[in-house]
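Notes follow the structure.
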Amino acid sequence: MTHVYIDRIGEFVGQTVTIKGWLHNRRSSGKIHFLVVRDGTGFLQVVMGKNDVPEETFKAADHLSQESSIIVTGTVREDQRAKGGYELTAHALEVVSTATDYPITPKEHGVDYLLDRRHLWIRAERQTAILKVRHEIINAVRDFFNHQGFILADTPIFTPAACEGTTTLFPVQYFEDETAFLTQSGQLYNEANAMALGRVYAFGPTFRAEKSKTRRHLTEFWMVEPEMAYADLNDVIALAEGLVSSVVARVLDKRATELKVLERDTSKLETVTTPFPRLHYDEAAKILLDKGVPFQVGGDLGGTDETVLSQQFDRPVCVTHYPAAIKAFYMKPDPNQPDRALCVDVLAPEGYGEIIGGGQRLDDYDLLLQRIKEHQLPPEAFEWYLDLRRYGSVPHGGFGMGIERCVTWICGLEHVRETIPYPRMLYRLYP
Ligand code: 4AD
Ligand code: MG
């Protein structure tokens, strides 16, 4: 019999096909079983009448438990009332393996209970919808850069020094007497790659020993980082706008089913078109103070500040020119306002906060060396990075976009922990 995946079932109306999956749930009346089967691509109701199958088959279905793996053969029927629009009238059922006492039942479970069973929780309809949106976002990101001629160039995960401040480094014993650190960002290597290839992107896992327990922080997350030679802050902002709007459009186009499962208000995503509003840090500070938020001018925007700001707009907002003193060592100061960095953070709307951080890089050798020292970073570890300013330095810039932050926003989730199959957080390393 033809093995068919549930998401393609509509192409087989009137035909006899086989579905291979797991029992999601079951309802029975004396003469008929309704089995909802899932196979990863979707959910399908299987109707098994007592008179349509051998007696043993009907009996077997009677005791079938949640998440038992099953193979069902039957005829595909169109049915407007059925979820997904199709049903299968069963002729045969094979039980591959019986699941006894599956721990995640349709009742409510606490989130810690679910996270302890994350390897099973990902089978839930909501969770599969989120992971499919994640998949779509990642593909949209890759397509966006590939179609524009960016070259994917990978950056190392074991690194000898910090990129984003020394307080969030994860040390790793590197053979006998060396300490490596898990990368916080591929940016510095990306800059070297851009000098070789023009426009590049890196896409991989990054690590931050964030001691904060917030709904936005993971200790392991995926970041896409484009970097462009011969680019200024405006080019970086334009690239960020283009990326975010094209990712959102792609998810709206291809993942309507999943967004519906997630009960996402898609009208809030349809407004995400370019250009995005831009706010100078000083304007952002003024908005916060006018709203009565106790914001310390000169400081970084905290989670609450970002939430308040991002609620003011119907699309992402680009905040620029943060005080250089609170930003990373590699940021180029604004020549017109040297205490400010030529940087941009993109804040997602609806209170989701920062999804992108980036800007123009410091391309002057002397000032870069001075900054490395001011930040008490070991200059020896940055010799190779300084080479980029010794040999053909050019204005350049780029940014990093956190995939999980994007998934959280686009799916309309409360917490970043559901956006990756196995979240890593301050108190979570299992499963
Ligand atoms: O703003 P960040 O720290 O910027 C950088 O790392 C730059 N070196 C990137 C670059 O210019 N190439 O991080 C970039 C993005 C954030 O905007 C956020 O989306 C995500 O990475 N991010 C996190 N996501 C989840 N958990 C965390 N702990 C994150 N920290 C940053
Ligand atoms: Mg940032």
Side-chain angles (χ1 to χ4, degrees), residues 1-27 33-48 61 64 66-97 99 102 104 106 118-143 246-266 269 403 406-407 410-413 418-421:
M1 230 20 91
T2 322
H3 173 203
V4 166
Y5 287 99
I6 293 171
D7 63 348
R8 306 285 299 270
I9 199 91
E11 298 164 29
F12 298 86
V13 175
Q15 299 181 40
T16 301
V17 301
T18 295
I19 299 293
K20 300 183 178 186
W22 294 262
L23 183 74
H24 180 63
N25 71 46
R26 175 173 58 82
R27 254 178 332 113
H33 294 310
F34 297 97
L35 312 175
V36 177
V37 181
R38 56 163 203 92
D39 74 347
T41 72
F43 292 75
L44 179 69
Q45 174 156 286
V46 175
V47 182
M48 186 185 283
L64 211 53
Q66 188 190 347
E67 287 306 314
S68 291
S69 39
I70 55 175
I71 298 177
V72 194
T73 299
T75 310
V76 181
R77 289 198 311 117
E78 201 158 358
D79 187 333
Q80 290 310 318
R81 293 161 307 173
K83 197 173 167 183
Y86 302 95
E87 257 186 12
L88 195 76
T89 307
H91 310 320
L93 165 74
E94 181 193 331
V95 179
V96 180
S97 175
Y102 187 68
I104 302 176
R118 182 64 177 163
H119 53 295
L120 302 175
W121 186 25
I122 49 173
R123 299 181 187 191
E125 187 175 25
R126 230 183 103 75
Q127 299 305 314
T128 57
I130 296 168
L131 294 179
K132 286 175 189 178
V133 172
R134 176 188 172 95
H135 162 83
E136 199 65 50
I137 290 172
I138 290 173
N139 278 338
V141 162
R142 289 188 184 283
D143 287 347
S246 92
V247 165
V248 169
R250 167 89 162 253
V251 174
L252 282 170
D253 179 36
K254 299 264 189 194
R255 295 292 166 182
T257 309
E258 286 75 15
L259 293 174
K260 203 161 166 205
V261 168
L262 297 168
E263 295 171 11
R264 182 65 166 115
D265 177 356
T266 50
L269 296 173
I403 293 300
C406 265
V407 179
I410 293 176
C411 289
L413 309 178
E418 289 177 59
T419 62
I420 185 164

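Just so it is clear, the structure is predicted and the values come from calculations on it, not from any experiment.
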Can any side-chain N or O of [X] pair as donor or acceptor with the backbone N or O of [Y] at less than 3.5 Å?
X	Y	answer
D39	I6	yes
R26	L64	yes
Y102	S68	no
T2	V17	no
S69	S97	yes

message = Let's go through R118 and Q127 carefully: what are the C-alpha distance in whole Å and the side-chain angles of both, what is the deciding distance for side chain to side chain donor-acceptor pair (under 3.5 Å) to 0.1 Å, and is it a yes or a no?
response = CA-CA 10 Å; R118 182 64 177 163; Q127 299 305 314; 2.8 Å; yes
message = The test is side chain to side chain contact (heavy atoms under 4.5 Å, CB included); show your working for T419 and L413 and say whether it passes.
response = CA-CA 9 Å; T419 62; L413 309 178; 3.7 Å; yes
Do [X] and [Y] have side chains that approach each other closer than 4.5 Å (heavy atoms only, starting at C-beta)?
X	Y	answer
N25	P106	no
I104	W121	yes
F43	V37	no
T128	I122	no
V261	I130	no
L269	V251	no
L93	I71	no
D143	R250	yes

Starting at [atom1] of [X], measure out to [atom2] of [Y] and round the result to the nearest 0.5 Å.
X	Y	atom1	atom2	answer
R38	E125	CZ	CD	10.5 Å
Q66	H24	CD	NE2	7.0 Å
R255	C411	CZ	SG	11.0 Å
I70	L23	CD1	CG	5.0 Å
F12	I19	CZ	CD1	9.0 Å
R264	T266	CZ	OG1	8.5 Å

task = Inspect the contact between E136 and K254 and indicate whether a charged nitrogen and a carboxylate oxygen are less than 4.0 angstrom apart.
result = no
ask   = Does R126 come within less than 4.0 Å of E418, counting only side-chain N to carboxylate O?
value = yes
Compare every heavy atom of [Y] with every heavy atom of [X], then report the nearest pair and how far apart it is.
X	Y	answer
A90	V72	CB-CG1, 4.0 Å
W22	R123	CD1-NH1, 4.4 Å
L44	Y86	CD1-O, 3.4 Å
H33	A61	CD2-CB, 3.4 Å

request  = Begin with the C-alpha distance, continue with both residues' side-chain angles, and end with the deciding distance and a verdict on side chain to side chain contact (heavy atoms under 4.5 Å, CB included) for V46 and E87.
outcome  = CA-CA 6 Å; V46 175; E87 257 186 12; over 6 Å; no
ask   = Please walk me through it: do E258 and R134 pass salt bridge (Lys or Arg N to Asp or Glu O under 4.0 Å)?
value = CA-CA 11 Å; E258 286 75 15; R134 176 188 172 95; over 6 Å; no
request  = If a pair satisfies side-chain hydrogen bond (donor to acceptor under 3.5 Å, both in side chains) and one of its residues is in residues 8-20, list it, with sequence neighbours excluded.
outcome  = R8-E11, T18-T73
inquiry  = Show, in sequence, the C-alpha distance, side-chain angles and deciding distance for V133 and I410, and conclude whether the side chain to side chain contact (heavy atoms under 4.5 Å, CB included) test is met.
reply    = CA-CA 8 Å; V133 172; I410 293 176; 4.2 Å; yes
key: Step-by-step side chain to side chain contact (heavy atoms under 4.5 Å, CB included) determination, V47 to F34   = CA-CA 5 Å; V47 182; F34 297 97; 4.0 Å; yes
